[in-house]
Amino acid sequence: MVGKEPELVHEVKKFRLDIVGLTSTHSKGSGTSLLERGWTLYHSGVADGERRRAEVAILVAPQLSACILEFTPVDERVASLRLRVGGRILTVVCAYGPNSSSAYPPFLESLEGVLESAPSGGSLILLGDFNAHVGSNSETWRGVIGKNGPPDLCFVIGLLCSSQIVHNKHLVQA
């Protein structure tokens, strides 16, 4: 993603988004980068010298920068960001599931640990590419859902899944 940050900020502003989860960024290391016009990129990757395979990031709009409480780069596939928004705690998790079935259980353990650490009474947003399906009826959904592969992610971690973008200016108010 190096060198693509200005284009990324331009596209995100065009769609009027305030928080965006990014996967497969291939960033080195973990940390925070201040981008143009006050946008902040929180990224979680591998240490220098290690092979880059995944890496995740969360891009945050300038108007939310004062709301940030904590960034936790868990590993190259999972990161979380905690904000105080409107008197409530909002936890945003970005995850990038592996393609390999053998690598999926450790990924789920890491993800579940982060989800369980979210404060009760707060809100949780899970963003990312999970390389999983959200159903198990491969006969009805032939060509859409495969018979093999990782388990139904939503069932495993007990979430309601949606593949929609919600555009609502009143959804999150700082």
Side-chain angles (χ1 to χ4, degrees), residues 1-46 52-98 107-108 110-134 153-154 157-174:
M1 194 175 92
V2 175
K4 300 282 188 185
E5 292 88 348
E7 182 181 346
L8 174 63
V9 168
H10 174 74
E11 289 298 312
V12 169
K13 285 179 67 175
K14 184 168 75 175
F15 287 98
R16 297 166 53 191
L17 302 172
D18 291 331
I19 298 176
V20 177
L22 304 166
T23 60
S24 197
T25 62
H26 298 285
S27 301
K28 282 189 177 178
S30 298
T32 305
S33 301
L34 188 59
L35 305 182
E36 66 179 50
R37 297 186 180 115
W39 287 78
T40 307
L41 183 68
Y42 297 87
H43 56 95
S44 182
V46 296
R52 294 181 274 185
R53 295 177 300 269
E55 293 76 47
V56 294
I58 302 171
L59 182 64
V60 179
Q63 62 268 25
L64 292 177
S65 63
C67 300
I68 305 300
L69 299 174
E70 174 186 26
F71 171 61
T72 306
V74 177
D75 56 35
E76 67 175 336
R77 295 194 175 275
V78 180
S80 72
L81 187 67
R82 217 159 261 145
L83 305 91
R84 179 173 302 280
V85 181
R88 293 185 52 142
I89 301 296
L90 171 66
T91 302
V92 178
V93 178
C94 185
Y96 184 38
F107 162 72
L108 282 179
S110 177
L111 180 58
E112 284 178 295
V114 172
L115 296 177
E116 288 172 0
S117 74
S120 62
S123 297
L124 174 69
I125 297 176
L126 179 58
L127 305 170
D129 177 353
F130 302 97
N131 286 313
H133 56 80
V134 293
L153 177 68
C154 296
I157 60 176
L159 293 177
L160 172 64
C161 291
S162 173
S163 61
Q164 302 295 316
I165 295 178
V166 177
H167 293 282
N168 184 337
K169 66 181 178 183
H170 302 292
L171 188 62
V172 175
Q173 296 178 348

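Along the sequence shown, residues carry numbers from 1. Basis for what follows: all heavy atoms, side chains included, without hydrogens, waters or symmetry-related copies. Because the structure is a prediction, the values reported are computed rather than measured.
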Exercise. When you check the side-chain N and O atoms of Ser110 and Asp75, is any donor under 3.5 Å from an acceptor?
Worked result: yes
Exercise. Under 4.5 Å between any side-chain heavy atoms of Phe130 and Phe107, yes or no?
Worked result: yes
For this session: Go through the steps to decide whether Trp39 and Leu8 satisfy the test side-chain contact (heavy atoms from CB on, under 4.5 Å), and finish with yes or no.
Result: CA-CA 10 Å; Trp39 287 78; Leu8 174 63; over 6 Å; no
Problem set entry | Arg77 side chain to Tyr96 backbone, donor-acceptor under 3.5 Å | yes
Exercise. Do you know the tightest heavy-atom contact between Pro6 and Glu36?
Worked result: CB-OE1, 3.4 Å
Exercise. Can you list the steps and then say if His43 with Val56 is a side-chain contact (heavy atoms from CB on, under 4.5 Å)?
Worked result: CA-CA 6 Å; His43 56 95; Val56 294; over 6 Å; no
For this session: Search all heavy atoms of Thr91 against all heavy atoms of Pro119 and return the closest pair with its distance.
Result: OG1-CD, 3.6 Å
Problem set entry | Rounded distance [0.5 Å steps], CG in Leu64 versus CZ in Arg84 | 14.0 Å
Exercise. Going from CD on Glu70 to CD1 on Ile89, what distance comes out if it is rounded to the nearest 0.5 angstrom?
Worked result: 10.0 Å
For this session: Report the distance from atom CZ of Arg16 to atom NZ of Lys14, rounding to the nearest 0.5 Å.
Result: 13.5 Å
Seminar exercise, completed: From the list Leu17, Ile19, Leu35, side chain to side chain contact (heavy atoms under 4.5 Å, CB included) partner of Leu59 resolves to Leu35
Problem set entry | Flag side-chain contact, heavy atom, 4.5 Å: Cys94 against Thr23 | yes
Problem set entry | Point-to-point distance, once rounded to the nearest 0.5 Å, from OG of Ser80 to CG of Leu126 | 11.0 Å
Exercise. So how far is it from Leu115 CG to Leu124 CG, rounded to the nearest 0.5 Å?
Worked result: 5.5 Å
Problem set entry | CD-OG distance between Glu55 and Ser24, expressed to the nearest 0.5 angstrom | 7.5 Å
Problem set entry | Ser123 versus Arg88, closest heavy-atom pair with distance | OG-NH2, 3.3 Å
Exercise. Side chains of Leu34 and Thr32: does their closest heavy-atom pair fall under 4.5 Å?
Worked result: no
For this session: Of all the heavy-atom pairs spanning Ser30 and Ser44, show the shortest one and how long it is.
Result: OG-CA, 3.4 Å
Seminar exercise, completed: Taking every heavy atom of Ile58 against every heavy atom of Ala79, the minimum-distance pair comes out as CD1-O, 4.2 Å
Exercise. Is the closest side-chain heavy-atom distance between Tyr42 and Ile68 below 4.5 Å?
Worked result: yes
